**Student:** 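Encoded as structure tokens, here's the structure I'll be asking about.
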Amino acid sequence: MTDNLFDRALERLDEAARFLNVDADVIEKLKYPQETTKARLVVRMDDGSRRSFLAWRCRYDDTRGPTKGGIRYHPDASAEEAETLAFWMTFKCAVMNLPYGGGKGAVKVDPRKLSKAELERLSRSYMQAFARVIGPERDIPAPDVYTNAMIMGWMADEYNKIVDRNEPGVITGKPIALGGSLGRNDATARGGFYLVRHLAKDLNLDGPARVVIQGFGNAGQYMAELMAGDGHKIIAVSDSEGAVYDENGLDVTALIKAKNAGQRVSAFAAENGLKAISGDELLEIESDVLVPAALEDMIHRHNADKIKTRVIVELANGPITPEADEILNKKGIVVLPDILANAGGVTVSYFEWVQNRQGYAWDLEEIHARLLKIVEREGRAIWNIAQKNKTSVRTAAYVHALARLAEAIEAHGTQDFFADY
Ligand code: GLU
């Protein structure tokens with residue numbers, strides 16, 4: 001078993017290929033990123049000094065359309081991580097049948113240590129460095145970990161200056177006033193929520209569920225709100241510094257308000273006389289639904305066995321290692337995998353791009369109805385593949401996506417087609 005994030009991601013490709021009769025060319029094409037650009041962003045800091053930050057943009061595969069995927073700001077970002085996330089985006093877009101390939105970008109930076117003005121200069125400098133590889137018909141970024149609508153707005157503005165025209169379709173997740181779409185802010189959580197609701201009977205989740213959420217950023221907060229609104233009980237929530245637990249159910253509105261005012265969840269626990277626990281302890285709480293909504297590799301071979309839940313909904317990308325996956329499978333825990341469960345985000349990004357190209361804005365009901373239809377259609381298809389092949393839902397999702405990717409790659413000709421008999 002390899003410790004390399006990218007190699008571990010490729011294991012999922014091999015696993016899916018066992019269930020399909022795909023041409024060897026397909027695997028050869030999908031085994032490597034198509035193009036990864038690296039740059040050093042030099043940014044003027046508020047004190048007058050200049051600091052440089054490493055940055056990447058990976059376009060993994062564009063056979064099915066322009067590459068699509070977020071930009072992450074994180075101190076642990078690396079080329080390998082960006083390429084792995086871009087590989088996942090390739091499969092995620094194929095799962096939802098969006099006319100996109102996969103991409104991802106990153107800056108190695110702790111954005112919490114920058115002032116707002118420094119953050120703006122960094123974001124504009126990212127677009128200056130990568131404008132040549134990005135474009136509405138080439139590669140379309142969006143928010144990811146520690147990036148948001150305002151950052152997308154700065155980047156779109158910078159791109160518009162470079163090309164000297166207004167191209168709202170160059171980036172998604174923009175502020176509504178700058179061509180963003182209604183419903184993009186909660187789309188990642190909403191997609192996961194629709195999926196759980198649709199599969200509730202199959203997952204034996206009739207009735208109110210006890211829900212634990214790891215990570216309380218965009219996806220985690222909206223998931224808490226949507227699940228609580230549907231009658232479920234949010235019993236524990238964590239952020240990067242600790243967790244809060246209340247078996248009677250947390251007040252989600254108060255928690256979100258405190259978090260957005262800069263309070264940590266452990267401080268919220270102390271202030272409200274609730275139980276503060278560690279992030280590790282959170283994973284061991286008995287629940288019906290566990291939602292990893294933070295970063296990759298949070299559930300691994302050392303803690304997977306301690307998890308006491310029935311269904312895991314991966315709102316984060318890659319939160320479970322392949323070894324942990326096996327342990328969870330054996331325990332009978334059903335995992336709704338990232339490339340399906342968190343694909344609502346990129347799906348509404350796609351709607352934003354379509355609206356930008358049409359020059360016409362849809363109302364929120366239309367966004368929700370279209371998202372629901374796609375989540376239910378692809379979720380059901382994947383569930384059926386899992387039942388038919390007796391595999392995990394993850395393997396089924398990869399099989400479903402690989403079939404679409406293979407069809408597109410094979411449409412350019414297969415080994416049999418070109419062989420000289
Ligand atoms: N960063 C999100 C993801 O990992 C959204 C990507 C997008 O909207 O393009 O799916």
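All figures in this text were calculated on a predicted structure; none of them were measured in a lab. Just the heavy atoms: all of them, side chains too, but no hydrogens, waters or symmetry mates, feed the values below. Atoms within a ligand are numbered from 1 in the order they appear, just like the ligands themselves.
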**Student:** Pull out every atom of ligand 1 sitting under 4.0 Å from any heavy atom of Gly70, numbered as shown with elements.
**Tutor:**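 Contacts of ligand 1 toward Gly70, numbered from 1: 1 (N), 6 (C).
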**Student:** Would you call Glu378 and Lys92 a salt bridge, using N to O less than 4.0 angstrom?
**Tutor:** no
**Student:** At what distance is the nearest protein heavy atom to atom 7 (C) of ligand 1, and which residue and atom is it?
**Tutor:** Ala142 CB, 3.3 Å
**Student:** Is it the side chain (CB and beyond), the backbone, both or neither of Asn317 that lies under 4.0 Å from ligand 1, heavy atoms counted?
**Tutor:** side chain
**Student:** Would you mind checking which non-hydrogen protein atom is closest to atom 9 (O) of ligand 1, with the distance to 0.1 Å?
**Tutor:**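 Checking every protein heavy atom, the shortest distance to atom 9 (O) of ligand 1 gives Lys68 NZ, 2.8 Å.
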**Student:** Out of the candidates Val211, Val289, Asp288, only one should pair with His232 under the side chain to side chain contact (heavy atoms under 4.5 Å, CB included) rule; please name it.
**Tutor:** Val211
**Student:** We want to know whether Thr36 and Tyr60 form a side-chain donor-acceptor pair, criterion being a heavy-atom distance below 3.5 angstrom.
**Tutor:**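 Checked: Thr36/Tyr60 side chains show no N/O donor-acceptor pair below 3.5 Å.
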**Student:** Sequence neighbours excluded, which residues qualify as side-chain hydrogen bond (donor to acceptor under 3.5 Å, both in side chains) partners of His412?
**Tutor:** none
**Student:** Per the side chain to side chain donor-acceptor pair (under 3.5 Å) rule, which among Thr37, Asp139, Thr67 passes with Arg57?
**Tutor:**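 Result for side chain to side chain donor-acceptor pair (under 3.5 Å) with Arg57: Asp139.
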**Student:** I'd like to check which ligand 1 atoms, numbered from 1 as shown, lie under 4.0 Å from a non-hydrogen atom of Ser349.
**Tutor:**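 Ligand 1 atoms under the 4.0 Å threshold to Ser349: 7 (C), 8 (O), 9 (O).
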**Student:** Nearest heavy atom to atom 5 (C) of ligand 1: which of Met89, Arg184, Lys104 does it belong to?
**Tutor:** Arg184
**Student:** Regarding Arg72 and Thr147, is there a side-chain donor-to-acceptor distance under 3.5 Å anywhere?
**Tutor:**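 Absent: no donor and acceptor within the cut-off.
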**Student:** Of the choices Glu352, Met152, Arg72, Lys92, which has the non-hydrogen atom that lies closest to atom 10 (O) of ligand 1?
**Tutor:**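 Result: the heavy atom closest to atom 10 (O) of ligand 1 is in Lys92.
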**Student:** Please check whether Thr172 reaches ligand 1 - meaning an N/O of the residue sits under 3.5 Å from an N/O of the ligand, judged on distance alone.
**Tutor:**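 It does not: no N or O of Thr172 is found under 3.5 Å from an N or O of ligand 1.
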**Student:** List every atom of ligand 1 that sits less than 4.0 Å from any heavy atom of Asp144, numbering the atoms from 1 in the order shown and giving each element.
**Tutor:**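 What qualifies from ligand 1 is 1 (N), 2 (C), 4 (O).
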**Student:** So, Asn342 versus Asn317: side-chain donor-acceptor pair below 3.5 Å or not?
**Tutor:** yes
**Student:** State whether Asp164 and Lys161 are salt-bridged, where the test is any N-O pair (Lys NZ or Arg NE/NH1/NH2 against Asp/Glu carboxylate O) under 4.0 Å.
**Tutor:**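 Answer for the salt bridge query: no.
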**Student:** Looking at ligand 1, is there an atom of it that comes within less than 4.0 Å of some heavy atom belonging to Gly173?
**Tutor:** no
**Student:** Please classify the Pro143 to ligand 1 contact at 4.0 Å (heavy-atom distances, strictly less than): side chain, backbone, both or neither.
**Tutor:** backbone
